[in-house]
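Throughout, a chain's letter reflects where its sequence line sits, starting with A, and its residues are numbered from 1. Worth knowing before you read on, the calculation uses all heavy atoms, side chains too, and leaves out hydrogens, waters and symmetry mates.
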Amino acid sequence: MNFDFSDDQKFLKSEARKFLDANAPTGRVRQVLDDEARPYDQALWKAVAEQGWLGAAIPEEFGGLGLGHLELCVIAEELGRAVAPIPFASTVYFLAEAIQLAGDDRQKAGILPKIAAGEVIGAVATSEGPGVLTPSGVQTSVTGGRLTGVKIPVTDGDIADLCLVLAKENGQPGLFLVDLNGEGVTREPVKTLDPTRDAARLTFKGAPAQRLGAAGEGFALIEQVFDRAAVLLAFEQCGGADRCLEMAKAYALERYAFGRVIASYQAIKHKLADMYVKNELARSNAYYGAWALNTNAPEMPVAASAARIAASEAFWFAAKENIQTHGGIGFTWEMDCHLYYRRSRQLSLVAGAPRVWKERLVSHLERRNAA
Amino acid sequence: MNFDFSDDQKFLKSEARKFLDANAPTGRVRQVLDDEARPYDQALWKAVAEQGWLGAAIPEEFGGLGLGHLELCVIAEELGRAVAPIPFASTVYFLAEAIQLAGDDRQKAGILPKIAAGEVIGAVATSEGPGVLTPSGVQTSVTGGRLTGVKIPVTDGDIADLCLVLAKENGQPGLFLVDLNGEGVTREPVKTLDPTRDAARLTFKGAPAQRLGAAGEGFALIEQVFDRAAVLLAFEQCGGADRCLEMAKAYALERYAFGRVIASYQAIKHKLADMYVKNELARSNAYYGAWALNTNAPEMPVAASAARIAASEAFWFAAKENIQTHGGIGFTWEMDCHLYYRRSRQLSLVAGAPRVWKERLVSHLERRNAA
Amino acid sequence: MDFNDTPEEAAYRAQVRTWLEANAPKRATGDDLEGGGDSMAASKAWQARKAAAGYAQITWPKEWGGQGGNPIQQVIFNQEEAKHPIPPNPFQIGLGMCVPTVATFADDDTKARFVGPALRGEEIWCQLFSEPSGGSDVAASRTRAVRAPDGSGDWLISGQKVWTTGAQFSDFGIVICRTNPDAPKHKGLTMFWVDMHDPGIEVKPIHQMSGGSGFNEVFFTDVRVKDSQRLGAIDDGWKVSLVTLMNERLAVGGASGAGWAQFMEAARNLPGLDGAPALKDQALREKLADWYVQAEGLKHTRNRTMTALSRGQTPGPESSIGKIISAVQMQELAHAAVEMLDQYGIINDPALAPLHGAFQSSLMFAPGLRIAGGTDEILKNIIAERVLGLPGDIRVDKDVPFKDMPTGR
Amino acid sequence: MDFNDTPEEAAYRAQVRTWLEANAPKRATGDDLEGGGDSMAASKAWQARKAAAGYAQITWPKEWGGQGGNPIQQVIFNQEEAKHPIPPNPFQIGLGMCVPTVATFADDDTKARFVGPALRGEEIWCQLFSEPSGGSDVAASRTRAVRAPDGSGDWLISGQKVWTTGAQFSDFGIVICRTNPDAPKHKGLTMFWVDMHDPGIEVKPIHQMSGGSGFNEVFFTDVRVKDSQRLGAIDDGWKVSLVTLMNERLAVGGASGAGWAQFMEAARNLPGLDGAPALKDQALREKLADWYVQAEGLKHTRNRTMTALSRGQTPGPESSIGKIISAVQMQELAHAAVEMLDQYGIINDPALAPLHGAFQSSLMFAPGLRIAGGTDEILKNIIAERVLGLPGDIRVDKDVPFKDMPTGR
């Protein structure tokens, strides 16, 4: 039984934490929060690229470090803990993973090295409006290599260079790569619950698009991309949830009410115990997801769903009850509690809401148990 | 604003409590619990009949007291509090209400006086097996005034004289009255989670049946009967839930752990506060149901659903957390906690599970809000 | 059991309706109270008109400008008033809590000086109790009041208050101060009224995580007050504060924000998991049922409270459960609504989000509602102790001199 | 990260498998432990066979009859053993908790006398700690041990213990007694071992609300024990009990009973709200997802614990969350399943109810599981204090003579 990260991976994690403590304290995050004109932290993005993290799971032949997904998981956890205001998920978990999964040699050779080098910011665009997107609901379409339609919201759509777009071609869903700096693309920033992460509405009018993967396979492919991203996002969520528990614990141990620290009241003790239990269950599910991701296991859809569901629940609970533990001061702009509350929403929604994943999980279990 | 019971009704309630304290202590309930051969407490049944409670809401012309449904509500609450082991609900909330609602003059004159006098025990039989019964699922049928089919479980089916049966006639659902002491009826007791209430499987083979209400209206009628019963059951549930809170409070105030009463720990205080809140919300919804029942208001389906959902939730929570508050001793047969845990299940299931009522509630709201 | 007025109540309602028809504003005038908004003039004008007719505080005695009415008459007035486009009411804390405290503890001249202008909306009051280090524990106030060294008998107040509603537009306030740090915490406090325009008082709005600024920090630097501004005896301020807080319970409102009906409406128009309307989703339907039942339960609990008032009884303990349910429901409902929108739920731009972003606003405001006016945890303690009669939490601070109490600082 | 054995573990597993293939029972022999059931002979025979081969307590030193193995080897054995139709194991409390305590505190002769027979299943032990008035508070024990008046140095034990697992078929027990009521509660306790066949000991099964009787009350009436039966110093029994209880944590099992897979299977075959299979109901599907995720979370938490053992580390705090989740889930799942059956859910006759009434059994057993081995509330306290390092609850009983402690009696 060897269900844990290796010593090398744990060392990478502790180095990542040191790096982010120095380069991404919440004061830096707040510069993005408070400044509408600043969609992300460019200096941090550059520094992260220099660390090689963008290419951690990209093979050496394509300019990456060629480590593996477990290494990416520990980095993700630290980024989540730091509520890092950079387009890491869009670029690495979504775009780079999609290209490694479905790209042809030319696409891999053309794009992956640029991602690893920090020269390309990525985005993925599926949503077209409120509610769940089903295959029949996709309106965006590709004709003659030109893509037309509206995608909203697109995380990092305002700053990305290359966007993966779900669209129909000959009535069948496909995935397409679009150069957002090219012709036929209009970007408008949209305001969201988490201003530390960029989002936009993208309007395509005949934008040149190249297909990624087989024709007609767009929905199956995007599900696989989302599965991979879900595991990595789950580690970000675990990192954020654990940080919330730490904050709540630290505050409860220093805050006095009625002559004693509030951490001595059962209402607070049990609240923190509940957080701890949810966080550990989320972590265990995330580990299983990491194993499935790293071994490309057939259990991947089920493992990724479980990881995402548990991590979303844990981060939501920890983020809201961290504010509650802080009391009034937790509700102020100046305290960092709301950064995590906001990010918990962003991470829960970006790859589809947990209820969508619950349905996906049960469908798979249903098939598995019927077989 | 006059949203409370009258002084007279409150007096009736306190008299009912005194009566049940004297005639139905839990020691008496346990005689039914522990003795498989004793399906209900006959002496209590007789005494209750003598009090006139069986006919509280039956008009004087049919041998009742002609009081009203509000009076029946306060009696129901006390019966629930006492976990009374008698077929009161089957006979009064279901059968008598059904006959008052849909019976013709002959049926009313023939049956209601006997119910009021305690000469007839009633039952209602809809379920035919596990899961939700839908109109198309009804297998029991009536041909030429003879009823054939199997109903399970039928609360009080083993002791009832007259049973209201949902069955199809000419392919359309109808309600039928069957003399259980007559021909073509086989009764087998079935074991349930609540041995203080009787239940049976009834097998009908050409049993003589007379229709109650119009042909083909069986499903609409039984929903109306269930609505009326739901309000009265909600009061039983409120009575039971309040008693659980009292028991938990009394025990928490006398039980010491680590040198102080457990009622001084927030884990217990907040648990009891949660019980209190649920019980009050249930009571307020039950009051609205009582108003709707008593005034025959068009809001009845919505009011009855809300009353049933809130009361089921409150009694379940109070019953299970009462055991938890008691700790180990609460899990013993000798303590009364499990009587309420069992009864909470019986009352939640007897007129259909809360999830069925939630769907019913939302369907009505949907129509109302669309209109 | 019915929902009808008694004949007396019906008559009073008719009278109120007639008066409102003739006097109430015909159209709304902005609703942004935060920062004193543009509605303040309208608020003051409406308050003056109500005061002139005796409707400003119906339960106050006639000599104060009330009607000597009963609580149900006030409820009836509020119900009828709410049917008109009335401006916001920034006077409630003053009239409901501060002025009654002043009236109970000040001399007749002071009472006469303040009651009328407050009633007519000419002067606004705020309540300065909470402190950064105190939170739910008002008796832990550290703001100091010491005798001025000049022997005038005046007091100098220094310290900081927090979460003060309306401080930014208040004219006066009542403030609880530490006068004897050697006494146990409840025994060294004294209450004063202060003029909020004093230059030693600085009001800073608190920037909330939800974006707004409904509350303030208030800093006191050697604010000089006369001994005649003292309310109650020296070191007896805790008792005075209890009079104020007793009145608070009746003033706490329920949650507003998007509710089950808005959720249902949104669900009707959104694609669900299979593309069919989300309202077909049984998981959402069950949630809707639960929220409806809770909301109805609260509504009818209020009806029971009003019935008690109508019968001249004191409302039962059931009236204490409102916020504890509505705040948590607001958070859960907003959370579920945002998830129902799927990826799009993150958007909170009112121009883009369904219902102008009402669900997103609720989501960001709910954490505050779960804290303001007593956290969920404090309210459960209150229900457990005051309603159910369970023991208080063990107190380690009862007999310790305040200055020796551990604070972690 | 993988699920593979290390080469050493794989070798050990292979060895164990071979031995089990050759030695394990080929078919089950009843599983009713309660009341000593018909499986006792089989249990003893299997235990003796394991002991002879060194597999009875793998981590024990060889001189005690173990293998001096590591915890992961014990885990591997348990995993492989579970694949065979083995009889119930009534020896675990004795071997896991009682005998190690005796071995730590008794003299060599006593140790030599007891270790072998216990290991071979010839003698069964029980642990007599809980009392009716004590509950979670073992240090509140009131069972008295006083010196016999005859000057022999013997002790006379009188009092009552409760919730004693296996007392009805135990040969020996360890019992914690009050020897000094004038000392604070933790300082006046002494531990003894006793012969359960002593005529002064009466065992009465506890009738549970779920119907079964897995636990007992044990009454002591002037039970005479030699001073040599004392374990540890006089009045030092609390420290001895900590040694016993430290071993308990590793012994607590997870919940069994119907789980998500059974629920899914039942839902597949039942009519739902609209007559279609209940498994189409999105509300039930969401619940299934939640239960699955919890169950998987616990499973992989165990995998993390085993990994720590495999690496020679002490398992992290994550291993303490099992029961708190599984007991509540058992109750909620059973509740939902019974409601899914609608009216029919009330039937618990195994001949009629789906899955032979497994959901109904779970429903009646779950309240006990939420209490046994530490209530939900005590376990949360333990996580808060031991795992998160938060302060203990305020103690009023630390320095009070035991006899003066309030008990409500």
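With respect to the salt-bridge test (charged N to carboxylate O, under 4.0 angstrom), the residues B:D274 and C:K380 qualify.
In this structure, chain C has a heavy atom under 4.5 Å from the side chain of B:L253, while its backbone stays farther away. Looking at C:L379, there are no atoms closer than 4.5 Å to chain B (heavy atoms on both sides), in backbone or side chain. Looking at B:D4, the atoms closer than 4.5 Å to chain C (heavy atoms on both sides) sit in the backbone and in the side chain alike. Heavy-atom distances place no part of B:S305 under 4.5 Å from chain C, backbone and side chain included.
When each of C:L309, C:I383, C:N381 is scored by its heavy-atom pairs under 4.5 Å with chain B, the top score falls to C:N381. If you tally non-hydrogen atom pairs under 4.5 Å between each of B:L272, B:V261, B:N279, B:T295 and chain C, the highest count goes to B:L272. Taking C:L279, C:D376, C:I72, C:T6 one by one and counting their heavy-atom pairs under 4.5 Å with chain B, the maximum is reached by C:L279. Contact count versus chain C (heavy atoms, under 4.5 Å) is highest, among B:K278, B:R260, B:H270, B:K271, for B:H270.
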Output, in order, the C-alpha distance, side-chain angles, deciding distance and verdict of side-chain contact (heavy atoms from CB on, under 4.5 Å) for B:V362 and C:M264.
-> CA-CA 9 Å; B:V362 175; C:M264 179 178 260; 4.0 Å; yes

Apply the test side-chain contact (heavy atoms from CB on, under 4.5 Å) to residues C:M1 and B:Q9: give CA-CA distance (whole Å), side-chain angles for both, the deciding distance (0.1 Å), then the verdict.
-> CA-CA 10 Å; C:M1 187 177 278; B:Q9 289 153 357; 5.7 Å; no

side-chain contact (heavy atoms from CB on, under 4.5 Å) between B:M1 and C:D2, intermediate numbers included = CA-CA 7 Å; B:M1 181 59 64; C:D2 58 56; over 6 Å; no

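Of all residues in residues 227-246 of chain B, those placing a non-hydrogen atom less than 4.5 angstrom from a non-hydrogen atom of chain C are B:L245. The contact list for residues 312-320 of chain B toward chain C, using heavy atoms and a distance under 4.5 Å, is empty. For residues 282-294 of chain C, heavy-atom neighbours of chain B at less than 4.5 Å comprise C:Q282, C:R285, C:E286, C:L288, C:A289, C:D290, C:Y292, C:V293, C:Q294, sorted by residue number.
Without hydrogens or angle criteria, B:K249 side chain to C:L390 main chain gives no donor-acceptor distance under 3.5 Å. With hydrogens and angles disregarded, no donor-acceptor distance shorter than 3.5 Å links the side chain of C:E296 to the backbone of B:N285.
Atoms CE and CG, on B:M275 and C:L388 in that order, are 9.5 Å from each other to the nearest 0.5 Å. Distance check, rounded to the nearest 0.5 Å: CG of B:N2 to CD of C:E9 gives 8.5 Å. Taking CZ of C:R304 as the reference point, atom CZ of B:R283 lies at 6.0 Å (rounded to 0.5 Å).
Considering every non-hydrogen atom in both B:K269 and C:G392, the closest pair reads NZ-C, 3.6 Å. The shortest non-hydrogen separation linking C:T307 to B:F3 is OG1-N, 2.7 Å. Between C:D393 and B:S264, the shortest heavy-atom distance links the atoms OD1-O, 4.3 Å. Across B:S284 and C:G297, no two heavy atoms sit closer than the pair CB-O, 3.4 Å.
At most 12 non-hydrogen atoms from other residues, nucleotides or ligands lie less than 6.0 angstrom from CZ of B:F11. For C:K280, the NZ atom sits in a loose shell: 12 or fewer heavy atoms of surrounding residues, nucleotides or ligands are nearer than 6.0 Å.
Not counting sequence neighbours, the partners of C:Q262 by the side chain to side chain contact (heavy atoms under 4.5 Å, CB included) test are C:A258, C:L355, C:F359.
Using cut-offs of 30° and 60° for the angle between ring planes, the C:H300 and B:Y288 rings count as parallel.
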